[in-house]
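Below: one structure, written as structure tokens.
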Protein chains: 2
Amino acid sequence: MSTINDVSRLAGVSKATVSRVLSGSRGVKEASRVAVLKAVEELNYRPNVIAQSLLSQSTGCIGVICAQENINQTTGYLFALEKHLSQHQKHLLLRFANNKAEVMHALEELTCGLCDDVLIIGARFPLNLTHENVVLVDCMDADTTNCIQFDHAFAAETACNYLIKQGRRQIALIVPDTSGAVDRVLLGYKRALENNFLPFNRNLIFMDSTSSSVALQVLLNNSTTLNFNALLVADEQEAQRVITQLQAFNKSVPEDIMVFSLAGSLHLPGVTTIPAIEYSMDAMAARIVSWLNEKTKSVLGSYVLRGDLIIPDIRSRK
Amino acid sequence: MSTINDVSRLAGVSKATVSRVLSGSRGVKEASRVAVLKAVEELNYRPNVIAQSLLSQSTGCIGVICAQENINQTTGYLFALEKHLSQHQKHLLLRFANNKAEVMHALEELTCGLCDDVLIIGARFPLNLTHENVVLVDCMDADTTNCIQFDHAFAAETACNYLIKQGRRQIALIVPDTSGAVDRVLLGYKRALENNFLPFNRNLIFMDSTSSSVALQVLLNNSTTLNFNALLVADEQEAQRVITQLQAFNKSVPEDIMVFSLAGSLHLPGVTTIPAIEYSMDAMAARIVSWLNEKTKSVLGSYVLRGDLIIPDIRSRK
DNA sequence: CTGTTAGCGCGTTCAC
DNA sequence: GTGAACGCGCTAACAG
């Protein structure tokens, strides 16, 4: 790789002039400007970004630590983030981590000058870090600044309102405690019931960290008395799991029981599409990148992103 | 962030001594060694990797350009690659690209000193690049050096042998031309037929770039004369698509027609599991990273990775 | 054992 | 208009 010295030598000018031509480019005699550009072309010279980084004290690299369990959702995040980051001449440095220790380790390795900022995505464990230049996305620590959360209360309320409008008044709720948003979900759930003048039945709610299949089993065992006809679950993976379990119990979906996912639904061929709340990864990525570009990062605060109600198109089931 | 100067000042030694203590650490008086370490601790100093990179002319960053269409498969690659790269103190710089222009653009941005090497994954379009330090993984350009390919002939042959052993002697093949490996697939297909003394029926083969659903339609329309009872498709996404189409035609899978995917199968709840050839992402990633670590990269050559036959466990369908 | 010096490649003064 | 000089943070070579 040729350096600025090679170019300046070939063009017969100084390094400073070369630099001027390539950035700014004003206040340079046309003759030497042309000479520089010709030399650049000939040597296929491109400035070394590392040397530039050393000077500017910023690399344009954004670390992204994925602590997401749901690997499907991860891809959505990455796709949207990469798109927006590269549009702003930034680079995405990818890391996976499954627990706090791994997150901290990754953070250590990324914040030695390599990354300007770091995003932590989908951590379902507490990591009370005071680190600067770290943005938490869909993580447990909601009280922290610099974080983006999903509006789980709104999601649950919207979901219930939809289900109720569909004539489903007995809505079961299975949301494991690990999601870190059970209280918000329950809030939205209750709010929807209140607004529709429906009674709250404690027996329809499962928010322990016990397995969802056990919870569903309990529900099904008491199905004659409970008589539930809708089921709210945390995400699309959970949804597919319970659908399989329901069908094994001769319950048809959505006729007998309408399953609703509070975070995205699978759009794969051969997979039952269900109503769901979906979050715009694009909007989220745009928001994050605009944050990153603002210099006054101390005023980031927190941001709550609302999802959209997505209803499966009947016609698409040929 | 504190620099080496701060440490040297606080420890009362020179920068060089600080550097010696942190790397190598031999030939340093114990007293000053302790002083340096204490200062490092106090200032929470960590060497700036960018400055180190400028000197060593290597950043430890590996660019990964995903040109994969199948987004599901991409996650598998990334997961395995990140694991092996981080184990070798390397960083994964992620990029997505959908066509040659985008790949070249990403390549430009990554090879300005930022990345030591670049991986291009799953490009289904020709990109005859002579670039150094670029490794092609599952790409079209098979003749190039520095590339890893999947053994498609072996996959097809293994698939057919399995199907024949299952009593399926009329094996249809739908592999779009875009996969860039149709000739290899056909080779394996024919080889298996020959070895099992079965006739080759041209009418069962669809390798045009026309849509697979059209191809399947043709097959189904002639199903009385063709009487095929197995179907080989390119990947799991194709597989799910054709399964849906087959079921719409009242063909049951796998009873009437056994569908086989030549590249991975979905292991999602609620999704029909099918027999498939699967490639060990872990083995591939390990191979790539070991290549990257070898200094004599000029002898990389090409490598062909064989997949494993994965048969759905009957017991898993509760 | 340790401090000084040079230089990685670049951008930015500051004189000329 | 332009070139010499300095410094970004660090390490390697050379003196002492």
Side-chain angles (χ1 to χ4, degrees), chain A residues 1-40 43-61 89 91 108-116, chain B residues 1-40 42-61 89 108-116:
Chain A
M1 208 60 189
S2 49
T3 76
I4 198 171
N5 285 307
D6 304 327
V7 177
S8 73
R9 209 173 306 130
L10 184 60
V13 295
S14 75
K15 297 192 304 178
T17 303
V18 175
S19 180
R20 268 190 278 262
V21 170
L22 296 180
S23 58
S25 193
R26 60 160 165 241
V28 179
K29 208 203 311 180
E30 187 60 20
S32 43
R33 208 182 75 87
V34 172
V36 167
L37 290 176
K38 183 158 160 274
V40 164
L43 293 167
N44 188 31
Y45 164 79
R46 278 166 323 162
N48 186 318
V49 288
I50 293 302
Q52 291 178 316
S53 297
L54 186 60
L55 200 62
S56 67
Q57 299 284 46
S58 88
T59 61
C61 287
Q89 335 290 359
H91 302 283
E108 284 281 300
E109 290 194 5
L110 294 177
T111 53
C112 299
L114 226 192
C115 292
D116 298 339
Chain B
M1 208 60 187
S2 49
T3 76
I4 198 171
N5 285 306
D6 303 326
V7 177
S8 72
R9 209 173 304 129
L10 184 60
V13 296
S14 74
K15 295 194 303 179
T17 303
V18 175
S19 179
R20 269 188 279 261
V21 170
L22 296 179
S23 59
S25 191
R26 59 159 167 241
V28 178
K29 207 202 313 180
E30 187 59 20
S32 44
R33 208 182 75 87
V34 172
V36 166
L37 291 176
K38 183 160 160 274
V40 164
E42 192 164 332
L43 294 167
N44 189 29
Y45 165 78
R46 279 167 321 164
N48 186 319
V49 289
I50 294 302
Q52 292 177 315
S53 297
L54 184 59
L55 198 63
S56 67
Q57 297 283 48
S58 87
T59 61
C61 287
Q89 335 291 1
E108 285 280 301
E109 291 195 3
L110 294 177
T111 53
C112 299
L114 228 191
C115 292
D116 299 338

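First the proteins, then the strands, lettered A, B, ... as listed; each starts at 1. Computed from a predicted structure; not experimentally measured.
In this structure, CG of B:L54 is placed 6 Å from C1' of C:dG9, rounded to the nearest angstrom. One interatomic measurement links the two molecules: CG of B:L43 to C1' of D:dG9, which rounds to 15 Å at whole-angstrom precision. Going from atom CG of A:N5 over to atom C1' of C:dG11 covers 13 Å, rounded to whole Å. Whole-Å rounding puts the A:K15 NZ to C:dT13 P distance at 15 Å. Here C:dG9 presents its C1' atom at 12 Å from CE of A:M1, a figure rounded to the nearest Å. Note: CD1 (B:I50) to P (D:dC8) measures 16 Å, nearest angstrom. If you take CG of B:N48 and P of D:dC8, they are 12 Å apart, rounded to a whole angstrom. D:dC10 atom P lies 15 Å from atom CG of A:L55, rounded to whole Å.
Listed nucleotides D:dC8, C:dT4, C:dG11 differ in distance to B:A16; the shortest reach to its side chain belongs to C:dT4. Nearest to the side chain of A:S14, among C:dG3, D:dG3, D:dG7, sits D:dG3. Each of D:dG9, C:dC10, D:dG3 was ranked by its minimum atom distance to the side chain of A:V13; first place goes to D:dG3. Picking from C:dG11, C:dC8, D:dG9 the nucleotide with the shortest atom distance to the side chain of B:I4 gives D:dG9. Taking the side chain of A:S32 as heavy atoms from C-beta on, and the options D:dG9, D:dT2, C:dC10, the nearest nucleotide is D:dT2. Set against D:dG9, C:dC10, D:dG3, the side chain of B:T3 has D:dG9 as its closest nucleotide.
Residues A:S8 and A:K15 approach most closely at CB-N, 3.7 Å, considering heavy atoms. Smallest separation of non-hydrogen atoms from B:I50 and A:S53: CG2-CB, 4.0 Å. Taking both residues in full, the closest heavy atoms of B:L114 and A:V49 are given as N-CG2, 3.6 Å, listed atom of the first, atom of the second, then distance.
Remark on DNA chain C: of its neighbouring residues B:V28 and B:A51, the 5'-side contact belongs to B:V28, judged by nearest-heavy-atom nucleotide.
Looking at A:V36, A:L22, A:L10 one by one, the single match for side chain to side chain contact (heavy atoms under 4.5 Å, CB included) with A:Y45 turns out to be A:L22.
OP1 and OP2 of D:dT2 both lie 4.0 Å or more from every side-chain N or O belonging to A:T17. In this model, the phosphate group of D:dG9 is not approached by any side-chain N or O of B:Q52 to a distance below 4.0 Å at OP1 or OP2.
For the atom pair CG of B:N48 and OG1 of B:T3, the computed distance is 9.5 Å after rounding to the nearest 0.5 Å.
Judged by distance alone with a 3.5 Å cut-off, a donor-acceptor contact links the side chain of B:R20 to the base of C:dG3.
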